[in-house]
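As structure tokens, the structure follows; a few thoughts come after it.
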Amino acid sequence: MADRTSPSRKADAAPARSWWGWGDPGRALPDAECAALGALVPGAADTALPVPSIAFLELPPVRVSAPRTLAHLVSGDPADRAGHTYGKAFRDVVRALNGDLAAAPDLVAFPREERDVVDLLDWAAGADIAVIPYGAGSSVVGGVEYRAGAHAGVCSMDLSGMDRVLETDRVSRTARIQAGALGPGLEAQLRPHGLTLRHFPQSFEFSTLGGWLATRAGGHYATLHTHIDDLTASLRVVTPAGVSESLRLPGSGAGPSPDRLFLGSEGTLGIITEAWMRLQDRPVHKASASVLFDRFPAAVDAVRAIAQSGLHPANCRLLDPGEAALSGVAAEGRSVLVLGVESAHHPVEGRLAELVALARDHGGSPAAGSPASGGSAVGAWRSTFLRMPYVRDGLARMSVISETFETACTWDRFPELYEAVRRDVGAAVRAATGAKALINCRFTHVYPDGPAPYFTVIAPGRRGSEVAMWDEIKAAAMRTLGEHRATVTHHHAVGRDHRPGYDRQRPEPFAEVLRAAKRTLDPAGVLNPGVLFDAAG
């Protein structure tokens, strides 16, 4: 039976969010810790960039106003405008720290129900106002920043007021959930039913279901159900041309999937307002282990064997020697494989033992802190993983360039890609900054036919030139991925920053299909212009 949750039921209170950087402002690194980080990077600035006060920011004047019937949904408050100007990429953080908010939206809309979304889109289309759908602003690819420059005004549409689990079908293990639900609030509403979506991207605290769907986010599972696509049963999407709602089905072969049109569309074809999501019983059996390797190629071979074994670990993260050392989970020169298994129904220790045995077959040795000694290496990696965005912001305040990019390729191509990134992106960093880069890699997800490598690049920048340097490094990374037939992104979306790489990767006939869909669904061209493609070609 389906349980229709009361419309008045709300999720846990949304956490405070930094207007300029990542996450909870209370967890941002203090000046002294920023300086200590900078001291570890030769050539970093001597002092941390100060965080500007919103009261002293120079925002562009508001050019448009909402009609009286919509005024209660719309804000022109400087704090709202500043907080909705950028996402959380390095270049976004640096520009915010420098008080550069030239791209600030004129207004921020806060719809409370789907009817509000319809009315706001009707107004925007008629008034030539660009609408930038906004979940929680965790985009790291320019997905929520207006760059088109041709509209009469810009309105950021914040869906956070639409955050309820509306209906739960315990029999089918699905739930109808509003798109503005943040990760913690979504899980809190599912917990009384004994269910979980179990989609935990690094941004879990500060991202929404709608954002995950619009960007095809990668989540908790390193194998099998790696993307939010795998958990989606149906979508409801508001477009300027009407509402699209697909049937909730376990599977279908009835032509092209309507959901696939909107998954990953990044708000340029419509605004996702609700989705039926596939759930699971909450896991009660969990086990984890970490395995050390003296040789990174042997570790890669071990992960390939695991990915092709059919054992489907929930966690299968491989850290190369640099990443392992940076995370504090292994001595210099050793790679670390972090494994985790879980189940709601049966013990998992046997499956973990099989996985560790596969790793042993390729030269791995279980680390101190694996199951028998409490998993300390696994815990250390997790703590570092969750804290890393705050560290990135601290480095940005010291004018240290910190870039991450993720991709996926087939197993046969990975060794060459790995070396090419270290060589070619390293050369681009030296050309841009005059310094040697620290370039590390980890696998976030793995498949039978290939891994999803995630690269981290750290180098000192020149104060005042950080954005230009970052742009050069990003362009080099995109070129290298394209040259080695790796995807421009595995789970961070395209946005505007990855557009050049996506333009090269995407077949041109498919680009024409997207433009045709845009003309049909958004004839006035107001929805998130510039992401994925240019409507005019």
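Residues: numbered from 1 along the sequence shown.
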Inset, instruction - Enter the distance from H498:NE2 to T487:OG1 here, rounded to the nearest 0.5 Å. - result: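 Rounded to the nearest 0.5 Å, the NE2-OG1 separation comes to 9.5 Å.
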Legend entry - Gap between atom CZ of F262 and atom OG of S244 - 0.5 Å precision: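 Between atom OG of S244 and atom CZ of F262 there are 4.0 Å.
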Under-4.0 Å salt bridge between [X] and [Y]:
{"X": "R304", "Y": "D449", "answer": "no"}
{"X": "E145", "Y": "R147", "answer": "yes"}
{"X": "D230", "Y": "R278", "answer": "no"}

Inset, instruction - Report yes or no: is the cationic atom of R95 (NZ for Lys, CZ for Arg) under 6.0 Å from the centre of the six-membered ring of Y86, at an angle within 45° of the ring normal? - result: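 Checked: cation-pi criterion met.
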Legend entry - Minimum heavy-atom distance A359-A302, with the two atoms named: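 Looking at all heavy atoms of both residues, the closest pair is CA-CB, 4.2 Å.
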Legend entry - Audit row: H484, R413, side chain to side chain contact (heavy atoms under 4.5 Å, CB included) steps and yes/no: CA-CA 7 Å; H484 292 271; R413 293 182 180 276; 5.9 Å; no
Inset, instruction - Could you point out which residue of N315, I306, L319 forms a side-chain contact (heavy atoms from CB on, under 4.5 Å) with L337? - result: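 Exactly one pass, corresponding to I306.
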Legend entry - Near-ring test H346/H285, centroid separation under 6.0 angstrom: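 Between H285 and H346, the centre distance exceeds or equals 6.0 Å.
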Exercise: do [X] and [Y] side chains pair donor with acceptor under 3.5 Å:
{"X": "Y390", "Y": "D24", "answer": "no"}
{"X": "T268", "Y": "N528", "answer": "no"}
{"X": "T410", "Y": "D412", "answer": "yes"}

